[in-house]
There are 2 protein chains.
Amino acid sequence: MTVKKVPKATLQRYPLYLKALRRLKKNGVQRIMSKELSSFVDIESTTIRRDFSFLGNLGKQGYGYDVDRLIEIFNAQLGVDFDEKIILVGAGNLGRALMNYNKWDHVVGEIACAFDMDESKAGVQFGVQIYPMTMLEEKIPEGCHIAILTISNNIQETVDRLVACGITGLVDFTHEHFLVPKGVAVKVVDVVSSIQELVFITNSMDSKAKKQ
Amino acid sequence: MTVKKVPKATLQRYPLYLKALRRLKKNGVQRIMSKELSSFVDIESTTIRRDFSFLGNLGKQGYGYDVDRLIEIFNAQLGVDFDEKIILVGAGNLGRALMNYNKWDHVVGEIACAFDMDESKAGVQFGVQIYPMTMLEEKIPEGCHIAILTISNNIQETVDRLVACGITGLVDFTHEHFLVPKGVAVKVVDVVSSIQELVFITNSMDSKAKKQ
DNA sequence: ATCACTTTGTGAAGTTCTTAACAAATTATT
DNA sequence: AATAATTTGTTAAGAACTTCACAAAGTGAT
C-alpha cells in the first residue's frame, strides 16, 4: 500500500488523530466509528474518513475502525523510524527542557546529540551528549536530516551550516526569521506567534458575539 | 478602520509577516514592496497583498509599504495589548523555560503569574509569581483569558477549571488530547507533532525526487 | 505639468480543501 | 438465509483559499 498524494491540510491532522487514538486506546476503546472520533477531535466525520482513505482502506463498513490497527498504521506512516536521528541545536533553557522531555512517547526518534555555542556546556545532560558548535560538521550523525533549533544568536549562519550538513527539516523555536533553500522544510514552533493568533481569534469571536 | 472577516489561513500568516518585518527593520529597510517581501517569506506577492488588504489600504501604488507603518499596524492588530494577562499553568522544565524567556519581544503581554500542582514550587521564579494549583480560582487575574498549558497530569480536569474561570484561549504544550467547549480556541504547540509532520513532508519530498 | 514606469488592491478564474449524499460492504437480527 | 441497520469510501457539490490579470493610483524623471 503506497501513499497517494496526501493534501497538506490532511497531513497536519495526522498527528492529531494519532494523539487522540492513543488516548482512546488508553481508555480501553478498541474500535471506533468516524462519527464518534469526530466529536472527540472536533473534525467532521467525513473529513476524517477522507483523511484516512489516503492511507488505504483502513475501516470496515458497518463496523468502523480498529483502534490498534489505526495506531499501527499512523505510527508507520508518521515515521516512527527510530533510526531517525534528530539533533538539538542550542542547549539553553528551552533546549534543556526538550532534552529532559521523557514524553516523546516512542513516536519519533530521540535526540541523538546536541550542540551549543557555549563550549563549557559540552558534556552529557539528561542523557544527551552535548558538543561545542564548532564540532557540528564532525559530530553530526550519519544520515541525520532533522534538527531542532533553540538558539538565539547566529541563527542564519547556523541554519546555513545545518543545511550544508544535509539537514532538510527544521523545527524552529527561534523568534527570528531566517531563509532556507528550496527543499528544506521549516516547522515554526513559537509561543508568541501562537498567542498572537489566539488573541486575534478570541478577539474576533468576542466581536462576533457582541454583534448578535 | 475595522477589520473585515479575516480568513483563517491569512491569520496564520500574520505572525510570520510581523516577524519578517521586524527583521527587515533591524536590517535598516524602511520600505518594501510585496514582491521583495515575497522572496523573503516565501509567500506569493499577491497573497501578501491580499492578506494585508484585510487590514486596510496599507500600501501606496508605485511605492510599496512603509515598514514602520506595517509593524505598527500588525502590532495593533495582533493584540499588543499589554493589559492582556496570560497565565502559565505548570511550572516544570518547560514552564520555567517559558518564564525565563526574555524574548517575548514586547509583542504580547507577559506572563502574569503561574500555577503548579506541586505546592513546594510556590514562590517567585524568574520574576514570575507561582501559586499552588488549588489557588487558581482565587488568584487568576481579572479579565485574563489566555493560558499556557505545560502540565502533564490532570490535564482534562485542569482545562475544565480554566474554562470555568473564563479562559477562552489555550496554548497547549501537553502531549495529550483533551476536550474544550465551543468558543474556546486551542493552539497546539508540540515538538513531536512537528517532527512527525516534518518526517512526512521530507519523506514525500524524497520520493518525489526519486520519481523524477 | 506631462509622461513613462511601478506597484497596489481587487474582480474573476483557478485550485485546493471540506462537506453532503449515497452506493457498496459489512454486521446484527429475525 | 434473508432482511434491517450501520458505517465506510467516494463522487460530486460547495466553500475557502490562492493566483492571475489588470484598472487605479501613485512615483519620479524630463
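Quick caveat, the model's predicted, so the values are computed rather than measured. Letters A, B, ... mirror the listed sequences (proteins, then strands); counts begin at 1. Atoms considered below: every heavy atom in the structure, side chains included; atoms not considered: hydrogens, waters and symmetry mates.
Between B:Thr46 and D:dC20 there is no side-chain N or O to OP1 or OP2 distance below 4.0 Å. Between B:Arg13 and D:dT18, a side-chain N or O to OP1/OP2 separation shorter than 4.0 Å is present. Between A:Tyr65 and D:dT6, a side-chain N or O to OP1/OP2 separation shorter than 4.0 Å is absent.
Relative orientation of the A:Phe74 and A:Tyr17 rings is tilted, given thresholds of 30° and 60° on the angle between their planes.
Closest heavy-atom contact between A:Ala114 and A:Val128: N-CG1, 3.9 Å. Taking every heavy atom of both residues into account, B:Phe40 and A:Leu179 meet most closely at O-CD2, 3.2 Å. Shortest non-hydrogen contact noted between A:Val159 and A:Leu149 is CG2-CD2, 3.7 Å.
To the nearest angstrom, P of D:dG9 lies 13 Å from OH of A:Tyr63. Look at CG on B:Asp66: it is 15 Å from C1' on D:dT27, rounded to the nearest Å. A:Glu36 has its CD atom 13 Å from the C1' atom of D:dT6, to the nearest Å. Atom CD in A:Glu44 sits about 16 Å away from atom C1' in D:dT8, given to the nearest Å. Rounded to whole angstrom, the span from the NZ atom of A:Lys5 across to the P atom of C:dC17 amounts to 6 Å. What separates CD1 of B:Ile48 from P of D:dC20 is a distance of 13 Å, to the nearest Å. Remark: C1' of D:dT8 and CG of A:Asp51 are 14 Å apart, rounded to the nearest angstrom. Put simply, CG on B:Leu58 is 17 Å from P on C:dT7, counting in whole angstrom units.
Backbone-only engagement by B:Ser34 is indicated by non-hydrogen atom pairs under 4.0 Å involving sugar-phosphate atoms exclusively.
Evaluation of atom-type donor-acceptor distances gives no pair under 3.5 Å for the side chain of A:Arg50 against the base of D:dT10.
Both A:Gln61 and B:Met33 lie near DNA chain C, and the one whose nearest nucleotide falls closer to the 5' end is B:Met33. Summary of the strand contacts: B:Thr10 and A:Gly62 both lie near DNA chain D, and taking for each the nucleotide with the nearest heavy atom, the more 5' one is attributed to A:Gly62. Between A:Pro7 and B:Arg49, the residue anchored closer to the 5' end of DNA chain C is B:Arg49, taking for each the nucleotide with the nearest heavy atom.
The side chain of B:Lys8 sits closest to D:dC17 out of D:dG28, C:dG9, D:dC17. Listed nucleotides C:dC17, C:dT8, D:dT18 differ in distance to B:Thr47; the shortest reach to its side chain belongs to D:dT18.
Atom CD of B:Glu137 is surrounded by more than 12 heavy atoms from other residues, nucleotides or ligands within 6.0 Å.
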